[in-house]
Enquirer: 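Structure below; questions to follow.
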Protein chains: 2
Amino acid sequence: MTEEPARKRRAGGRAGNKARAGTAVIDQMPWRIPVNPDRPTEPLDAEAVQRVHKTAMRILRDIGIEMLNPEAVAHLKAAGCIVNGTNVRFDEEFVMEMVRRAPSSFTITPRNPEREIVLGGKHMVFVNVSSPPNSWDLERGKRSGDFATFKDFMRLTQYFNCIHVAGGYPVEPVDIHPSVRHLDCLYEKLTLTDKVCHAYSLGAERVEDVMEMVRLAGGLTDEEFVAKPRMYTNINSVSPLKHDYPMLDGAMRLAKRGQPVVVTPFTLAGAMAPVTMAGAVALSLAEALSAIALLQYIAPGCPVAIGTFTSNVDMKSGAPAFGTPEYMRATQMTGQLVRFYGVPMRASGVCAANVPDAQSMWETCNSLWSAVQSGTNLVYHAAGWLEGGLIASPEKFVMDCEVLQMIQRYFEEATFATTDEDLAFDAIREVGPNGHYFGVQHTQDRYSTAFYAPFVSDWRNFEAWAADGGIWTPERAHRTYKAILEEFEAPAIDGAALEALQRFVAKRKQEGGAPTDF
Amino acid sequence: MTEEPARKRRAGGRAGNKARAGTAVIDQMPWRIPVNPDRPTEPLDAEAVQRVHKTAMRILRDIGIEMLNPEAVAHLKAAGCIVNGTNVRFDEEFVMEMVRRAPSSFTITPRNPEREIVLGGKHMVFVNVSSPPNSWDLERGKRSGDFATFKDFMRLTQYFNCIHVAGGYPVEPVDIHPSVRHLDCLYEKLTLTDKVCHAYSLGAERVEDVMEMVRLAGGLTDEEFVAKPRMYTNINSVSPLKHDYPMLDGAMRLAKRGQPVVVTPFTLAGAMAPVTMAGAVALSLAEALSAIALLQYIAPGCPVAIGTFTSNVDMKSGAPAFGTPEYMRATQMTGQLVRFYGVPMRASGVCAANVPDAQSMWETCNSLWSAVQSGTNLVYHAAGWLEGGLIASPEKFVMDCEVLQMIQRYFEEATFATTDEDLAFDAIREVGPNGHYFGVQHTQDRYSTAFYAPFVSDWRNFEAWAADGGIWTPERAHRTYKAILEEFEAPAIDGAALEALQRFVAKRKQEGGAPTDF
């Protein structure tokens, strides 16, 4: 609730319209919901899919999952599951009956309905980096997250049309007290962006506050809010084989109000999961399905998705690795199983590198391409992630958006269309063996849209690049992010909605916010 | 023919054996011929494949190809093609009859038979960067190619087990006179490496000299040399629609002696090819098939491959771009058509970036993954390429080899196997909800081989990495390449073969080498 004067501007439509129309800093692609036309890469045959599925079912039936939430346990007991204290065992018939209740596809509509996303089918949307405790940039190096940096990342999240979702906190703003952090952060998220928001499942009050703030920012009645998905939460199991209290509590709160829950076990092979990738995937699926069965039991048909965060550790150091060959195969295998279960899928754009250098990009490209290959619908951490999720970097954010735009272009049918115009026989005859294609009408007609136009890649030859300072990519990305922040204008928000949001935040702060353990 | 004293060592078996066993600089993967288990990514349906094919056939029949080589024209006239001066028109029946003569797969056996490669089927091999006029490294910046740098790249080519072919010159050694350059370069290639070699088709004398040198280095009789593929050439058409004299001459010389020819049109969409990718691909295929029809007519069943070098230009500057979305789709479409024609396929690992930074890796990863997705068999420029092929960089070479090793690991069935041992149900039960997988026998049994182990990626956390100097990837790669060169030992070569090779080079130098235009 700082920067009050600047805040006023946001209520006006003009500034918002200008921001939506794009600024001159970069010439970026328009907003769209990408559709992935590729057949997924499927390392498993039908029998192998069954083997992974049956292993997940055996885990659920013979080992069971620790559900550290009495309400969840009570529901599952009523559903006929075998309960021993916190251990719950599920049989296949029940799990499959529950998972069949889940929709294969659904929308989430944020306060700006033009930013509605589709989760499922061949749709693929990208989420900003979420949850690093630290930031790093070329000027200031590595620092603890703070509120100013949080807001800068929100501006980048809004600015880039290829980022569809304002996910979790891009950095944890440790300069805001935890009791009111969610109030300040969501206020910024809901006013600096007009994209789909997320609630951390970290306590009943926080979850309820965030749902209320999303409702108020959208100017919605309670009935309108619950009528369709307006936001979502992502819960992580405590692998192996455990769901903790607040995650299950938040998930159930959202499910009861028709809001989507993404269940993403964090199964690092060799640490919290078997060292073999198929085993890690089976464990991850068992954990995800246990939560989904619970949610479908208490709220039949509620929107859910299965996330994968299966990677491997470095066996020398125990450090997590990302974008590895094993990570790619785990993501592809999870994609096959998630299609078998018939719900949307989440994966990530991740790396282990500490700075936005060459390694960061081969690891991130590996993870992003495996998301494409696995038919992933929701790509977390798609821009800005470094150091295995311990750092958010604005330079990396800008660089990743270049790759995301290339993926969006790669999906466009124009790149592989074979109409007569595309096959261009007449142009080939016209140019013949001695001409050049620059000059012909067939080229001139397509001059401005024929190819992907980059904003941070430098395609000039070495001499032209060197004469212009010889700037390496991270430095170019640094300049781009600074220029974006300078020109940034927040999207429009309805004046009454903004006032309601401000009143709510003030009231909840007066009440002391959410309880903390500190 | 410099460094004579060092040369002697190579004849001995001990140093060679040590080199083959690997050194301590990096812990790399053993030599292997990777097999790509993935189903290719296929943007075209069966009808679209036919449409591209039929367009290539129309180009060959109605427009024709300029064949700037009288011998080639005479052969094609005898074959029944319609000849008008240098313009040759081919009908579909003839082209398809000829292409059906080509083998779908073949081997190439260099002087060390353990380095034999397979081209075709699901096999995929990697070639060093070939033909840049310049080099760039962190210490010296951009420089014209020279012989010392040429030799350093040959050492890297030999050192890395993931590089299967010593292709063209990694840099053009401009300090060696063109009349004898091929003699010195091939001598170094054949003694610093024991991998498959390539001859540039740049004049009859050069081609014949290289074939003879490969024969001598292998200690082969003429009969043994022609009995199976021992080396190869790659020819580029002069797009649009033209094959020049020396390329056709070289191709025919190799084909007559049973040595493989890769035909790789260089079709930049918007410059030498239509601005639409399907049109550029159709033009490229027509050019490739015209040369293959010629070669199969004069040497039925000779080994050939179709290469793709279809990318797009930057429409603002005309500069070539690589690793773009359009490049990826062109490579995938070409893969579909090349499988339709039933011959092996070549693609590349390429980028437009000027230095080994983040951009260089997202572009190179895009091109390498499209090679995987297209079922490519021979990946040119797989390590070391920068600036659209105008620069070879040792740092980039080392970085690319990390990515190539990851692709090799990605191909391993272990990453997606679903045996009971992989599904690890017993380990999951043993660890239960409160344990850790590090300690269990299932993990310990797989400790050293479970995951890809990198040699230039740094997976330590930020603080450990910073305490160790905070070295970015290109600098780490620089140190690695210097260490490799320091420890490098050339592979063993038979003493008699070495002597014969030296005698041949001396004799040909005395004769003045090859004629030049200078």
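The chains referred to below are lettered A, B, ... by the order of the sequence lines, with proteins before strands, and numbering in each begins at 1.
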Enquirer: Pick one of side chain, backbone, both or neither for A/P474, based on which atoms fall under 4.5 Å of a heavy atom in chain B.
Expert: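 It is the side chain, since no backbone atom gets that close.
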Enquirer: Does any part of the side chain of B/T41, heavy atoms only, come nearer than 4.5 Å to the side chain of A/Q373, both counted from C-beta?
Expert: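 With C-beta onward as the side chain, the pair stays apart.
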Enquirer: Can you find a pair of side-chain heavy atoms, one from B/L44 and one from A/T418, that are under 4.5 Å apart?
Expert: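 In short, these two side chains touch, coming nearer than 4.5 Å.
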Enquirer: Between B/Q332 and chain A, which part of the residue has a heavy atom less than 4.5 Å away: side chain, backbone, both or neither?
Expert: side chain
Enquirer: Give, as side chain, backbone, both or neither, the part of A/E363 having an atom under 4.5 angstrom from any heavy atom of chain B.
Expert: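 Only the side chain of A/E363 comes within 4.5 Å of chain B.
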Enquirer: Against chain B, label A/E42 side chain, backbone, both or neither, depending on which of its atoms sit under 4.5 Å from a heavy atom there.
Expert: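 Contact with chain B: none, neither part.
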Enquirer: Which bit of A/I391 comes within less than 4.5 Å of chain B, counting heavy atoms only: side chain, backbone, both or neither?
Expert: side chain
Enquirer: Heavy atoms, side chains only, cut-off 4.5 Å: are B/W362 and A/M406 in contact?
Expert: yes
Enquirer: Any side-chain heavy-atom pair from B/C365 and A/M361 closer than 4.5 angstrom?
Expert: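 No - every pair of side-chain heavy atoms lies 4.5 Å or more apart.
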Enquirer: With a 4.5 angstrom heavy-atom cut-off, is it the side chain or the backbone of A/I63 that approaches chain B, or both, or neither?
Expert: side chain
Enquirer: Is it the case that the side chain of B/Q359 and the backbone of A/D458 share a donor-acceptor pair, with hydrogens and angles ignored and the cut-off at 3.5 Å?
Expert: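 Here the side-chain-to-backbone pair exists.
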Enquirer: Between A/E47 and chain B, which part of the residue has a heavy atom less than 4.5 Å away: side chain, backbone, both or neither?
Expert: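 No part of A/E47 comes within 4.5 Å of chain B.
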Enquirer: Under a 4.5 Å heavy-atom cut-off, does chain B meet the side chain of A/A417, its backbone, both or neither?
Expert: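 For A/A417, backbone heavy atoms alone lie under 4.5 Å from chain B.
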Enquirer: For chain B, which candidate among A/W136, A/F425, A/Y452, A/W459 shows the most heavy-atom pairs at distances under 4.5 Å?
Expert: A/F425
Enquirer: Among B/M272, B/R58, B/E66, B/K242, which residue has the highest count of heavy-atom pairs closer than 4.5 Å to chain A?
Expert: B/R58
Enquirer: Tell me if the CD atom of A/E413 is crowded by more than 12 foreign heavy atoms within 6.0 Å.
Expert: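 No, CD of A/E413 has 12 or fewer neighbouring heavy atoms, counting only those of other groups under 6.0 Å.
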Enquirer: Select one option (side chain, backbone, both, neither) describing which atoms of A/A269 are under 4.5 Å from chain B's heavy atoms.
Expert: both
Enquirer: Non-hydrogen atoms of chain B under 4.5 Å away: do they reach the side chain of A/W369, the backbone, both or neither?
Expert: side chain
Enquirer: Which donor-acceptor pairs under 3.5 Å do the side chains of residues 313-323 of chain B make with protein atoms, sequence neighbours left out?
Expert:
residue, atom, partner, partner atom, Å
B/D314, OD1, B/K316, N, 3.1
B/D314, OD2, B/S317, OG, 3.1
B/S317, OG, B/A319, N, 3.1

Enquirer: Side chain, backbone, both or neither: which part of A/P37 has a heavy atom under 4.5 Å from chain B?
Expert: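 For A/P37, the contact with chain B is made by the side chain alone.
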Enquirer: Under a 4.5 Å heavy-atom cut-off, does chain B meet the side chain of A/V52, its backbone, both or neither?
Expert: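 For A/V52, the contact with chain B is made by backbone and side chain together.
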Enquirer: Flag the pair A/E326 / B/F416 as yes when at least one side-chain heavy-atom distance between them is below 4.5 Å, and no otherwise.
Expert: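 A/E326 vs B/F416: side chains apart.
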Enquirer: Has B/E387 got a side-chain atom pairing as donor or acceptor with A/F462's backbone, closer than 3.5 angstrom?
Expert: yes
Enquirer: Between chain B and each of A/G388, A/A56, A/A280, A/S457, count heavy-atom pairs under 4.5 Å; write down the option with the most.
Expert: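 When all of A/G388, A/A56, A/A280, A/S457 are compared, A/S457 has the most.
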Enquirer: Can you tell me which of A/I65, A/T364, A/T473, A/D445 forms the most heavy-atom pairs within a distance under 4.5 Å of chain B?
Expert: A/T473
Enquirer: A/S360, A/G64, A/A353, A/A271: which one forms the most heavy-atom pairs within less than 4.5 Å of chain B?
Expert: A/A271
Enquirer: Go through A/M277, A/R476, A/H436 and name the one with the most non-hydrogen pairs under 4.5 angstrom from chain B.
Expert: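 Among the listed options, the one with the most contacts to chain B is A/H436.
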Enquirer: Answer yes or no: is there a donor N or O on one side and an acceptor on the other, between the side chain of A/R446 and the main chain of B/V275, under 3.5 Å?
Expert: no
Enquirer: As an exercise: rank B/T443, B/T55, B/N312 by heavy-atom pairs under 4.5 Å with chain A and give me the winner.
Expert: B/N312
Enquirer: Regarding A/D422 and B/R51, does a basic nitrogen lie under 4.0 Å from an acidic carboxylate oxygen?
Expert: no
Enquirer: Given heavy-atom pairs under 4.5 angstrom as the criterion, report whether the side chain, backbone, both or neither of A/R460 touches chain B.
Expert: backbone
Enquirer: Quick one: what part of B/R409 sits under 4.5 Å from any heavy atom of chain A, side chain, backbone, both or neither?
Expert: both
Enquirer: So do the side chains of B/Y437 and A/L268 get within less than 4.5 Å of each other, counting heavy atoms only?
Expert: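 A side-chain contact is absent here, since even the closest heavy-atom pair is not under 4.5 Å.
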Enquirer: Among B/A330, B/A427, B/G270, who wins on heavy-atom pairs under 4.5 Å with chain A?
Expert: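 When all of B/A330, B/A427, B/G270 are compared, B/G270 has the most.
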Enquirer: Is any side-chain heavy atom of A/P274 closer than 4.5 Å to a side-chain heavy atom of B/I428?
Expert: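 A/P274 reaches B/I428 side chain to side chain.
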Enquirer: As an exercise: rank B/L241, B/L423, B/V238 by heavy-atom pairs under 4.5 Å with chain A and give me the winner.
Expert: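 Most heavy-atom pairs under 4.5 Å with chain A: B/L423.
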Enquirer: Heavy-atom pairs under 4.5 Å with chain B: which of A/D62, A/D420, A/V281 has the most?
Expert: A/D420
Enquirer: Taking every heavy-atom pair that is under 4.5 Å apart, which of B/T324, B/I59, B/V403, B/L283 has the most such pairs with chain A?
Expert: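 When all of B/T324, B/I59, B/V403, B/L283 are compared, B/I59 has the most.
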Enquirer: Look at B/P240, B/A424, B/A352 and state which one has the largest set of heavy-atom pairs under 4.5 Å with chain A.
Expert: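 Of B/P240, B/A424, B/A352, B/P240 has the most heavy-atom pairs under 4.5 Å with chain A.
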Enquirer: Looking just at side-chain N and O atoms, do A/N354 and B/W472 make a donor-acceptor pair shorter than 3.5 Å?
Expert: no
Enquirer: Taking salt bridge (Lys or Arg N to Asp or Glu O under 4.0 Å) as the definition, give me every residue that meets it alongside B/E463, ordered by chain and number, with sequence neighbours left out.
Expert: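 Scan of B/E463 (salt bridge (Lys or Arg N to Asp or Glu O under 4.0 Å), adjacent residues dropped) gives A/K142.
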